[in-house]
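Okay, so here's the structure we're looking at.
Each chain gets a letter, A, B and so on, in the order the sequences are listed, and its residues count up from 1.
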Amino acid sequence: MELLIQLALNGLALGALYALMAVGFALIFGTTKIFHFAHGATFVLAAYTYYAAVSEAGLPVAFALGLCAAVALGFGLACERFVYRPMLRSESASLTIFVASFGLFIAAENAVILVFGSSYHTLESRLSRALQLGPFAISPVGLCAIVASATILGALEFFLARTYTGAALRAMADNPELVRMIGLNRYYYAKVAFAVGSLMVVPAAVLSVYLSGLSPQSGAWITLVAIASTIVGGVGSLYGAALGGIVLGVAQNVGIWRLPASWGEGIAFGVLLLFLLFRPTGLIHVFERR
Amino acid sequence: MISYLESLLIFTALAIILASSLNLVLGYGGMFSVAHAVFYGVGAYTASLLALHLSNSLVLSILCAIITGGLAGLLLAVPALRVKEEYFVVASLGFQIIASTVFNQWDAVTGGIGGLTGIPPASLFGYEIDSYGAHLVVTSLLAAAVLAIVAALMRSSFGRALRALRDDEQALSSLGRNPTHLRLVTVALSAMIASVAGVLYAYFTSFVNPESFTLDESVMMMVMVIIGGAGTVWGPPLGAAFVTIFPALLSFLKLPSSLLGPVQRLTYGVIMTLLMIYEPAGIVGLLRWVRRRQIILNGINGSNRAAA
Amino acid sequence: MTSSKWLRSLLVGALSVLASAMPLTVSAQDYSIGVIFPLSGPNVVYGETFSKGVDLAVKNLNESEELPHRIKTLYEDSRALPQPAIIAMNKLVNVENVPFVISAFSGVTKAIAPIATRRKVLVMNGGGVSPELAGLSPYLFNDIPLVNDEISALLPYVTSKLHLRRISLIYVNDPFGQGVLGVFSAQCPKLGCEAIPISISPTASDFQAEVAKIRSAKSDAVFIASYGQQQNVILKQLRDGGINAQLLSYSGIDLPDTLRLPAAQGLIFTVENVDLGSDDPITKKFNESFRAVYHSEPSFYQVNYYNAVVLFAACVKRLVAKNQPVTGENLLQALREIKTFNVVGGTVSFQPNGTVRQAIQIMKVVDGQPQPLAVVK
């Protein structure tokens with residue numbers, strides 16, 4: 001039983017990171033309808049920038065964070081401006097856009113491998129050593145993940161609910177035609193969605209360098225998780241995506257209570273497939289229906 | 001040198017079978033699957049287990065692989081019936097990851113990461129297929145057969161119905177076809193063909209393990225179809241040839257071997273993105289464009305001459 | 001140009017590039033040997049370590065002109081995984097026609113062994129230690145004691161001297177790790193200890209779930225059966241997770257960078273006992289040239305791989321004397337006839353199942369350096 005609770009705790013910390021990735025993806029997908037597979041490339045680029053800045057260039061953490069945010073923001077906006085916008089203008093099919101995004105992802109992942117090699121990197125920090133809480137242990141980094149995730153999601157909620165730009169983004173998600181009719185510039189709001197979504201990658205990327213280490217292949221996994229969380233949570237709902245991330249993180253950990261940990265990935269995606277088959281509208285709508 | 005070319009051509013022929021079969025689902029059916037390596041793997045494991053425990057007959061192996069591959073295909077067809085477009089992509093990703101986990105963990109059957117070793121050479125009508133030359137002949141003949149089947153299928157009413165399913169599901173019912181039935185058949189057929197490639201692969205390398213059937217492999221198959229031109233008969237084989245022969249061309253650059261893979265994939269990624277922006281019909285689309293320009297230029301030349 | 005002409009010229013161009021990209025054919029006079037090591041990926045550190053041994057031996061032998069022709073090594077990258085290894089082995093055997101291949105890693109060696117048997121190519125493994133490698137192929141020889149010998153030496157020591165009873169075993173779920181698990185399950189009941197097996201995937205890099213399982217198992221010791229960078233990650237995460245149990249491992253952890261990690265302090269592990277103090281000419285030559293070329297102390301891995309080439313040269317010398325061609329079959333015959341070889345550290349002879357028996361040394365990491373605790377014959 002202790003083990004089960006400990007695994008759930010681990011899952012919660014991991015799920016908090018997943019939630020950040022998922023909400024960023026869901027925000028972009030919801031408002032622009034672009035299936036931004038390269039979101040995981042943003043993650044890998046941001047994480048490696050931070051790692052290189054701290055470990056190889058020896059820069060102070062605050063400066064490294066700024067650099068990392070700049071890279072994430074730059075990559076997200078470049079994708080929007082140079083790949084998706086021309087394709088939207090020429091009215092490409094959504095699958096065509098997806099394939100272009102997939103291509104970007106493959107290119108970015110391998111560019112990182114060319115520079116840093118394909119093996120793991122981790123950063124040492126006092127904060128990654130576990131705190132003992134009675135029979136349980138959780139690392140300060142894991143706690144940071146949970147706190148950061150809650151704070152950022154709260155801030156996003158405020159932005160979407162209380163600002164004019166936020167309201168326009170919500171309108172774009174609900175009714176893109178209406179937005180065009182009242183004369184809002186949809187490319188401007190797409191840019192905002194990509195900027196906010198890509199910036200949300202930064203805390204997830206930095207914390208995961210400390211929490212579980214870094215490898216270029218982690219991008220594929222994190223993208224899949226972000227997409228899966230969005231679907232498990234319910235497309236169109238940011239709360240749903242966050243909840244989906246936490247559910248997947250916990251499922252991946254608790255699922256291996258009695259199994260070898262190598263089953264974790266399979267279990268997380270088993271959950272996803274079950275949702276796709278039986279609840280394609282996601283968790284949020286399960287609750288709403290009640 | 002000869003054996004090197006032979007093995008390169010064998011892998012090209014395998015890639016052609018895989019890309020053409022994926023094209024049925026992805027190009028013609030419009031169902032964007034990233035799980036094709038699963039069926040390749042199912043075929044390879046079926047043949048290996050048969051050869052190690054029962055019989056190394058190529059015909060029997062292919063028949064059995066078609067059955068197991070088809071059944072695995074039906075598993076993927078279930079989500080294909082319920083969800084569309086990007087959601088199906090994600091479902092197929094999930095399917096691939098679960099299958100990879102099973103290949104890795106089901107030690108008793110798949111041998112886990114250590115794999116199944118010492119698969120004997122296949123026998124066909126009493127001959128043992130042992131040399132590279134014999135493998136090349138068998139693989140090329142089967143690749144040609146697959147291309148012929150795909151081409152014939154697409155000219156038939158089945159092909160027309162499939163394209164209608166992709167472009168306009170409403171129109172399909174006017175053709176008197178059941179979309180559910182059509183999707184099931186397409187995914188299963190495509191899986192069967194891919195599993196035949198798995199059989200050939202297992203006998204050629206005499207070794208199978210989960211590394212050959214990962215998400216990465218599925219993505220490479222998708223890359224072949226996309227780069228060549230999805231939904232055309234000749235695009236995927238062209239793409240397959242490009243993706244298999246390109247690394248050999250890269251070795252001309254004398255890069256260290258650890259950089260070859262990333263450079264290759266980086267190139268594919270960039271090509272894919274650029275093609276999607278400028279020419280979503282892939283290499284075949286580019287060739288068509290060149291030909292159209294030729295015709296126009298010839299036309300202009302011709303009319304100039306006539307005027308002169 | 002019409003499009004078909006365009007296509008044709010493209011094909012011709014591609015083929016000519018292909019032809020010029022072929023490796024230059026080696027002089028028929030050279031003895032080509034294949035080497036399948038991880039040259040990229042998370043285990044590249046082993047490839048770099050091992051190849052120092054091979055390269056030094058080839059350099060020394062070519063300079064000494066003991067053989068009528070030069071030895072030439074053809075390196076292929078296995079990434080320490082079976083599937084790339086199969087491609088490499090097929091290339092070496094079918095395209096380069098090498099009679100002799102040096103291999104590393106259990107999964108790799110297990111995968112290429114059937115090809116060695118079928119194509120009659122002698123394979124010498126100096127790094128893979130899975131017990132499964134014993135007797136796998138008449139053409140496979142391991143000039144490294146297998147891990148069952150190491151664990152047979154370690155377990156009595158830790159149970160009787162250190163009174164460790166509950167041992168969590170983190171093992172990679174591949175031929176090597178499964179071999180370790182097999183030895184633990186066979187030996188623990190006899191020694192009154194209990195093994196708690198926890199399997200991990202060879203590509204895993206996040207072990208928080210495993211750490212949680214180890215903590216709840218309340219074990220006295222944790223045995224790490226992994227390799228390469230994964231070992232470093234496991235060590236770090238065990239320490240970060242607050243596991244204070246005695247850490248145990250095997251020879252694969254004996255890498256300078258790993259032993260220097262703060263998390264590795266106090267770790268107890270085993271290695272084969274190599275006597276580099278012996279003053280026979282081969283050992284002396286090895287010691288001197290190794291320090292001269294690499295400016296560092298050799299590890300037992302480098303001894304094994306140096307010896308792999310020395311063994312090959314001894315067999316070739318015998319074939320030259322008998323005026324026989326250097327084929328895999330003849331090499332095997334020569335190896336069986338010579339029986340006992342003079343190598344670095346003394347003499348070596350193979351048991352019928354293709355393995356060597358050597359004394360095992362138990363080491364403890366103190367201040368980043370391995371210190372010997374005991375030698376088990």
Exercise for review: Please round to the nearest 0.5 Å and tell me the distance separating atom CZ of A:F102 and atom CZ of B:F32.
Suggested key: 7.5 Å
Check your understanding: Taking all non-hydrogen atoms of both residues, which atom of A:I113 and which atom of B:P262 are closest, and how far apart?
Key -> CG2-CG, 3.5 Å
Check your understanding: Is chain A contacted by the side chain of B:V219, its backbone, both, or neither, given a heavy-atom distance below 4.5 Å?
Key -> side chain
**Study point:** Option that, when pairs with chain A are counted at under 4.5 Å, heavy atom only, ranks first among B:S100, B:A230, B:A91
**Key:** B:A91
Point to revise | Region of A:F105 in contact with chain B, defined by heavy-atom distances below 4.5 Å | key: neither
Check your understanding: Got a second to check how far A:L104's CG is from B:L274's CG, nearest 0.5 Å?
Key -> 9.0 Å
Point to revise | Residue pair A:A107 / B:L266: nearest heavy atoms and the distance that separates them | key: O-CD1, 2.9 Å
Point to revise | Nearest atoms (heavy-atom pairs only) where B:M276 meets A:M87 | key: O-CE, 3.3 Å
Review point. If you round to the nearest 0.5 Å, how far is OG1 of A:T96 from CD1 of B:I226?
Key: 8.5 Å
Practice item. Specify the closest pair of heavy atoms between A:F82 and B:I277, including all atoms of both residues, with the distance to one decimal. Key: O-CD1, 3.9 Å
Practice item. Test B:L215 against A:L224 for side-chain contact (heavy atoms from CB on, under 4.5 Å), laying out the working first. Key: CA-CA 11 Å; B:L215 177 60; A:L224 297 185; 4.2 Å; yes
Review point. More than 12 foreign heavy atoms under 6.0 Å from CH2 of A:W221: is that the case here?
Key: yes
Practice item. Can you measure from CD1 (A:I106) to CD (B:Q264) and round to the nearest 0.5 angstrom? Key: 11.5 Å
